[in-house]
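Take a look at the structure set out below.
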Amino acid sequence: MGTTTGTAAGTRDTTGSPRSRLLGVVTLLAVAVLGVLAFVLTDPDVRIHPTTGEEFGQFDAVRMLYVHVPLAVMTYLAYGICAVASVGVLVKRTPWWDVTAHAAAEVGTVFCGLVLVTGSIWGRPVWNTWWEWGDVRLMTTLVLFLMFTGYLALRRTTDDPRRQARRAAVVALVAVLDIPLVNRSVEWWENRTLHQRSTIGELKIEDLTLFTLFFGFVTAGLVLAWLLLHRFRVGWLEQAALDHGVAAAIAERHAETDDAEVLRSVGERAAGEGTSGDGEPGS
Amino acid sequence: MGPFLRDAWLVAERDLRIEARSRVVLHQVVPFSVLVLVLFGFALDADHRTLRTFAPGLFWVAVLLSALLAVQRSAALDRADGTDTALRMSGLSPVALFLGRATAVFVQVVALQVVLVGGLLVLYDVAVEDPLLLVVAGLVAGVAVAAAGTLYGALASGLGVRETLLPILLLPVLAPVLIGATRAFDDALGAAAVDGWSWTGLLAVAALVLTVVGASAHGALVED
Amino acid sequence: MVELRAAVALLGRFPALSGVDLSVDAGETVLVRGPNGAGKTTLLRLCAGLVRPESGSATVLGHDLGDGADRRAVRRRVALLGHGAALYDDLTVGENLRFWARAAGLSSGSGPDGVDQRVAGALDRLAVPERLVDQRAAVLSQGQRRRVALAALVVRRPDLWLMDEPHAGLDQAGRDVVDGLVAEAVAAGGTVVVSSHELERVAALSPRVVTLAGGRVVDGRAGGGAT
Amino acid sequence: MTHVGYLVAGWGIVVGVLGTYAVRLVRRGRALSGRVPEVHRRWLEAPGPAGSEDGRASGA
């Protein structure tokens, strides 16, 4: 993120704009403040058992949640944007929606991968396992991640751009509609295991803890916004570069065919053979 | 609605007739599914008790893997010799086309299940405790698999890498179907004490959602 | 019937048609020729409503091809003989033809306009031997497939015929049948656009030749003073 | 502080991955910008001709 802030308006070959640079600076500041809040100002989660007097809780592992939970929420937001944009692709059929959907899916998948990794790292000390099969959110997020891995794989295939846009939109919509089913099925499934575990709700909530979590949401939101904006612009440029390529290819095709030569090679018939004026080639 | 169902049946009849003649699913996919059951047996190196416990899950994994092949076969029918172009030129509604293809895939998936249940009875020594639940859950899950499979088969067709892309697209979507159908079979085969009928309800919702989405999205895929 | 103005069509990102102007009237036969890769096939697919015009305007049978619903309407009224025969190998010739006839919305009744009558008539018209009707399409020769493919299109009684290399793979008798078919369609007020390399043959039945190269029409410039 | 290793790993991966991804986006954008005429980069002028600059960032 830092790279944009350093770029002055001198070069215009960039996806940055004055406003996006401001956003970048604010985002970096927010990340720094979040770091201070999460590691310096907040206390570890230590609770005293009412009867035995034993210390328990998540201790310092709770600090992982200040990044994990906001990322998870923003993952769902990004995929939500992707779903809305996918509807736009199918209804409006314009590149704008397609580029937006692709950007949201890619950024969302980066976030989703981080959510899974941070969740796993947090789960190891707290749940005493890297992976908890019975957890609804964990499993749902994993399936979502796998679905959008497929989505991005589809995006990487060479295909007619318009067809690819629609195929990808269908995949995104099916994924999003399937998610409630995944969620519900894992939830029922989990009831079978009745796994005892810590959740956010059981945290010793202090004002500062809550504020830090809230600030985490803001920060993750800013990061998401910055990444989406720039990913969109990259996609937009890719689209423009390809369109530009098409225009160039048309010109090239016109230049490379010597009409007289072609007519000679195909035979003498044809020229002036009653195309009744409608056959006039365009400029 | 009349001509519409007629068109869907026209396509389903075509696909089933082709399968009846070519027997690709019967001669290649069905043996593959039984092979999967056998391989699970080898891999688990298990006695009947273990196999009975895991039978429902292994059954549905075998169904999904075999269904992938059946779906690929179904999608391949309309790629050869310009048939895809001819279908677009025919004016056949994409919804009817989807329902027809899905019906044919459904029949094949159910046939697979029948063979695989036989495999469970013989190879894994399971006992059917609730035949009605087994049949209903199998049929409902079959609808979900056929609907999602047909949609993604059409989606992945025409891509250079379709064979490798289909599983990664299709299998995550079928995750809830796998979970639900396995739980329902747990109950039906007495492998675990769960309420198979409520799981079948979940399967029904999945089947409905996937069929409706598949039918309405199919047009966006086959149109240019 | 067909009215293209600076029509551009893309295959992926490649401008297979780079600005085609072409006008074909009802009852006219047009031969499209040109070197390989000139865009002949894409031109026919554009006219068939299979490919969306990227820019320029394209009207076929009064429908604007820029519009999705119009393209669908065009497809139902046009017969496109492509490179493939569109036959399912495991169905018989009769089953294939009946499938395509019913897919085109023809009623399965046995009256004079029913599928069976029309199929029989089409097979007769293309001189497909009776004994082949109950054979699987897989056993047909290349030329026989071509004839059956044409029969499937005859069944639909299209307003516009688009034939991509219709003579390819056919014997002399088959070529005569195709020529007869074209003449018949034109006589009935239909329009035929044929892409072919075989100039001598088509020249006999086509009063008009259009040359395509580099994705556009390169002849017909007599009035433009290019030559 | 407990669980230092876990925390360093978790936060490190998040910052590292997001930072790398952001840098790659910027680099890709710069490489592409050179190949595309400026008219396509409407974000260079504050008020875009279609006023879609803000809408384009709708994800934000």
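So you know, we letter chains A, B, ... as the sequences are listed, proteins then strands, and number each from 1.
Note on residues 125-144 of chain B: pairs passing side-chain hydrogen bond (donor to acceptor under 3.5 Å, both in side chains), not counting sequence neighbours, are B:Arg52-B:Asp125.
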Worked verdict on A:Val171 versus B:Tyr152 for side-chain contact (heavy atoms from CB on, under 4.5 Å): CA-CA 8 Å; A:Val171 170; B:Tyr152 277 69; 4.1 Å; yes
Candidate pair B:Leu165 and A:Leu154, rule side-chain contact (heavy atoms from CB on, under 4.5 Å), full reasoning: CA-CA 7 Å; B:Leu165 196 57; A:Leu154 176 68; 3.6 Å; yes
Check against side-chain contact (heavy atoms from CB on, under 4.5 Å), B:Val213 and A:Leu173: CA-CA 9 Å; B:Val213 172; A:Leu173 282 178; 5.7 Å; no
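The CZ atom of A:Arg166 sits 8.0 Å away from atom CG of B:Leu221, with the distance rounded to the nearest 0.5 Å. One finds the CH2 atom of B:Trp199 at 10.0 Å from the CZ atom of A:Arg184 (value rounded to the nearest 0.5 Å).
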Side-chain atoms of residues 138-147 of chain A: list all donor-acceptor pairs with protein atoms under 3.5 Å, sequence neighbours left out, distances to 0.1 Å.
{"residue": "A:Thr140", "atom": "OG1", "partner": "A:Val136", "partner atom": "O", "Å": "2.7"}
{"residue": "A:Thr141", "atom": "OG1", "partner": "A:Tyr76", "partner atom": "OH", "Å": "3.4"}
{"residue": "A:Thr141", "atom": "OG1", "partner": "A:Arg137", "partner atom": "O", "Å": "2.5"}

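Heavy-atom distances place the side chain of B:Leu151, and not its backbone, under 4.5 Å from chain A. Contact of B:Val173 with chain A is made through backbone and side chain together, with heavy-atom distances under 4.5 Å. Only the side chain of B:Ala175 has a heavy atom closer than 4.5 Å to any heavy atom of chain A.
B:Ile168 approaches A:Gly150 most closely through the heavy-atom pair CG1-CA, 3.7 Å. Residue A:Ser185 comes nearest to B:Leu202 through the heavy atom pair CB-CD2, 3.5 Å, listed as atom of the first residue, atom of the second, then distance.
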